[in-house]
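See below for the structure under consideration.
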2 protein chains.
Amino acid sequence: MLPFLYDPKADREVIEIVDEEKVKEKVEEYLRSLQEKGFRITSPRRLIVETILQNWDKHPNVRELLDLIQEKDPSIGLATIYRTVELLVEMGFLHEVNLDEGFSRFEVSLKDIHFHLVCRGCGRVVHLKDEDQKSQVAEEWAEDMGFTLLPQSIELFGVCHECLRKGFDPSRMPQGECRCRRRRRMHRGLM
Amino acid sequence: MLPFLYDPKADREVIEIVDEEKVKEKVEEYLRSLQEKGFRITSPRRLIVETILQNWDKHPNVRELLDLIQEKDPSIGLATIYRTVELLVEMGFLHEVNLDEGFSRFEVSLKDIHFHLVCRGCGRVVHLKDEDQKSQVAEEWAEDMGFTLLPQSIELFGVCHECLRKGFDPSRMPQGECRCRRRRRMHRGLM
DNA sequence: TTTACTGCAAATGCTTTGCAAATCA
DNA sequence: TGATTTGCAAAGCATTTGCAGTAAA
């Protein structure tokens, strides 16, 4: 699944993609990169990339992407989304995010290595501060074992202090409260 | 899935489970803990726990566990293994390990927080050195964001230097070489 | 005896794939 | 035109679940 096509020298800007203007630019930039690797620019691909970039700060899963994309063009099929998302991950444009839900979420790769902190109580997902520095620490840990880290999203599971305050006790948690159980599959809204 | 039943005060010995004697002791210890939480000691559970402990240094998946267990008692069913393994994870005796293969592996929790380094080239999995210290670093990162980490296995994906030397290039990797692609499902031997 | 547990088979749900038609270069 | 890509429907596969029978306490 991962970066067969990833180019470590590619420009991954650490900026927020705030306006539609910026999104359009980025869409064309990504499509151009695809083309440079020998892939074709197609309208489903443009639409999918656009939708992902418009939701750059969410962590959509394929089902959610399908809904968002079909609002614009109902003819787009599920398999195309799977295939495009796989391609974008291989290109290094997306990170696959695993929140232990039984399906994958995807996020625009603004950093090569990215950390998520996931609350088992309320399901909240936050990013670490100073990720560049923390990535470097993780890279050193890996190098120390003779490994070079690839770009990826690293998920850390815990409980947020708000949930702890509300009485969440990991050793005595009432079933059914946790939003993050694998059991509960389904489409649960962008995070 | 995770630690509804986990007891942070439980004794998770950082010792190697080398001999059958030690395994037997541990099996009974785990079963006793189950019983204390109100679960029953049954022969399928004893067999499953025993097999997992005998393979404490592997990372078996459910399919592999089924094979190992059915060698001893062919009447044990797949669902029982899923259910027991889930229970053991909830108790904090096992960590669920995700190597991005499309299924879970399981490992005896000798540490609360445990790191795996996975090579995308050859599939090799190694553990970090000084895990206690590194866990503490990760815990500090989480606390800094108002989260308390739960026990878990954290997987870091990279390329080992041997693979790099052999010419593995993440940006130009020939399809089909990587043992870690999601596509290739199946049972691929204990790691 | 009561309740938990088990095995089986069926169901679930995410993801992948074969293929003919459509599209890009 | 020729190779990719797409959409659809059908598979594939890990995991979960309903239920009737079995076994622990």
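What's counted below: heavy atoms across the whole structure, side chains too, no hydrogens, waters or symmetry copies. Letters A, B, ... are given to chains in the order of the sequence lines, protein chains preceding strands, and every chain is numbered from 1.
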ask   = Between Arg124(A) and Cys160(A), which heavy-atom pair has the shortest distance, and what is it?
value = NH2-CB, 3.4 Å
key: Any donor-acceptor pair under 3.5 Å from Gln152(B) side chain to Leu150(B) backbone   = yes
key: Candidates dT17(D), dC14(C), dT6(C) - which lies nearest the side chain of Ala79(B)   = dT17(D)
inquiry  = Rounding to an integer number of Å, can you tell me how far Ile81(B) CD1 sits from dG7(C) P?
reply    = 8 Å
request  = Can you tell me the distance, in whole Å, between the CG atom of Leu78(A) and the C1' atom of dT15(C)?
outcome  = 8 Å
inquiry  = On a heavy-atom basis, which atom in Asn55(A) and which in Pro60(A) lie closest, and how many Å separate them?
reply    = O-CD, 4.4 Å
request  = Rounded off to whole Å, could you give me the CD1-to-P distance for the Ile69(A) and dT6(D) pair?
outcome  = 12 Å
inquiry  = My understanding is that only residues two or more places apart in sequence, or in another chain, count here; which of them pass side-chain hydrogen bond (donor to acceptor under 3.5 Å, both in side chains) with Ser153(A)?
reply    = His116(A), Glu155(A)
query = Is any side-chain N or O of Arg83(B) under 3.5 Å from a base N or O of dT6(C), one able to act as donor and the other as acceptor?
reply = no
Axis-to-axis angle between the two ends of the helix from dT1(C)-dA25(D) to dA25(C)-dT1(D) (five base pairs per end, rounded to 10 degrees) = 40°
query = Are Tyr82(A) and dT15(C) close enough that a side-chain N or O sits under 4.0 Å from OP1 or OP2?
reply = yes
message = For Lys129(B), is there any backbone N or O sitting under 3.5 Å from a side-chain donor or acceptor partner on Lys134(B)?
response = yes
task = Could you state the atom-to-atom distance from CG of Asp100(A) to P of dT15(D) in whole Å?
result = 11 Å
ask   = dT16(C) P sits how many Å from Phe103(A) CZ, rounded?
value = 15 Å
task = Write down the distance between CZ (Phe39(B)) and C1' (dA25(D)), rounded to a whole number of angstrom.
result = 15 Å
inquiry  = Among residues 70-77 of chain A, which ones have heavy-atom contacts with DNA chain D below 4.0 Å?
reply    = Ser75(A), Ile76(A), Gly77(A)
request  = Ignoring the backbone of Ser104(A), work out which of dT15(C), dG7(C), dT15(D) is nearest its side chain.
outcome  = dT15(C)
task = State which residues pass side-chain hydrogen bond (donor to acceptor under 3.5 Å, both in side chains) with Arg46(A); sequence neighbours excluded, sorted by chain then number.
result = Glu28(A)
task = Look at the side chain of Arg45(B) and the backbone N and O of Leu31(B), then say whether any donor-acceptor pair between them is shorter than 3.5 Å.
result = no
request  = Using a 4.0 Å heavy-atom cut-off across all strands, classify Arg45(B) as base, sugar-phosphate, or nothing.
outcome  = sugar-phosphate
By side-chain hydrogen bond (donor to acceptor under 3.5 Å, both in side chains) - contacts of Asp130(B) (at least two apart) = none
message = Any side-chain N or O of Thr42(A) below 4.0 angstrom from OP1/OP2 of dT4(D)?
response = no
ask   = Does Lys72(A) have any salt bridge (charged side-chain N to carboxylate O under 4.0 Å, His left out) partners at least two apart in sequence or in another chain, and if so, which?
value = Glu50(A)
request  = Check whether any side-chain nitrogen or oxygen of Gln35(A) sits under 4.0 Å from OP1 or OP2 of dC24(C), and answer yes or no.
outcome  = no
message = Should the side chain of Arg63(A) and the base of dG13(C) be counted as holding a donor-acceptor pair, with the cut-off at 3.5 Å?
response = no
ask   = Of all the choices, dT15(C), dG7(C), dA25(D), which nucleotide is nearest to the side chain of Ile41(B) once you look at every atom?
value = dA25(D)
